[in-house]
Amino acid sequence: LDSLIDHIVEKHHTYVRDRIPDIEPFLEKVVHVHGGRHPELLLVQEKFDEIKQELTDHMYKEENILFPQIKKLVSAIKNSSEYVIPPYGSIKNPIQMMEMEHESAGSGFKIIRENTHNLQPPSDACQTYRVVFALLDEFETDLHRHIHLENNILFPGAIAYESSIL
Ligand SMILES: [Fe+2]
Ligand SMILES: [Fe+2]
């Protein structure tokens, strides 16, 4: 599980942090140029901004609270040493919160897709418009892989480790 955590942070958290500043100025430009004829672009910008704020806080919590705690759990098992229960109790508590935040990011993208014909650029779209939709599509695909690794592998693994020593 520790190497999975390192993989998630190095690959997916880095991707999110690198891509946000690529997408934002393109989105700003497209809203400015095409927002009049395509008001849904304003909604896309607003939703992406919400997703950005949420993911930034979310990854901070994973990197500073949950992931270090999972590493402590792994090391206690590996070294048969004492595991100190954190103030928030079971690891299931922060995990449940992280899963709720994953759902929220997922529903933000669902709204973006519903309002943009599934991120298909319209026939009058300029190059930037096409690029920004392709970037959003790629961003969401990466987010799904990222969330899959956490929800379906890392979190159940951590819960199983915890229940094996408590
Ligand atoms: Fe994450
Ligand atoms: Fe997460």
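Each ligand, and each atom within it, is numbered from 1 in the order the structure gives.
Among protein atoms, those of element N, O or S found less than 2.8 Å away from the Fe ion (ligand 2) are His58 NE2, Glu62 OE2, His102 NE2, Glu150 OE1.
Aromatic ring pairs are classed by plane angle as parallel below 30°, tilted from 30° to 60° and perpendicular above 60°; the pair His146 and His12 is parallel.
There is a side-chain donor-acceptor pair under 3.5 Å between Glu54 and Ser104.
Remark: Glu28 pairs with no residue by the salt bridge (Lys or Arg N to Asp or Glu O under 4.0 Å) rule, at least two apart or across chains.
Interatomic distance, CD1 of Ile85 versus NZ of Lys72, reported as 12.5 Å (0.5 Å rounding).
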Identify every side-chain donor-acceptor pair in residues 157-166 under 3.5 Å, counting partners at least two apart or on other chains, and give the distances.
| residue | atom | partner | partner atom | Å |
| --- | --- | --- | --- | --- |
| Glu162 | OE1 | Ser90 | OG | 2.8 |
| Glu162 | OE2 | Ile91 | N | 2.7 |
| Ser163 | OG | Ile159 | O | 3.3 |
| Ser163 | OG | Ala160 | O | 3.1 |
| Ser164 | OG | Tyr161 | O | 2.7 |

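Sorted by first and then second residue, the side-chain hydrogen bond (donor to acceptor under 3.5 Å, both in side chains) pairs involving residues 75-88 (not counting sequence neighbours) are Gln69-Tyr83.
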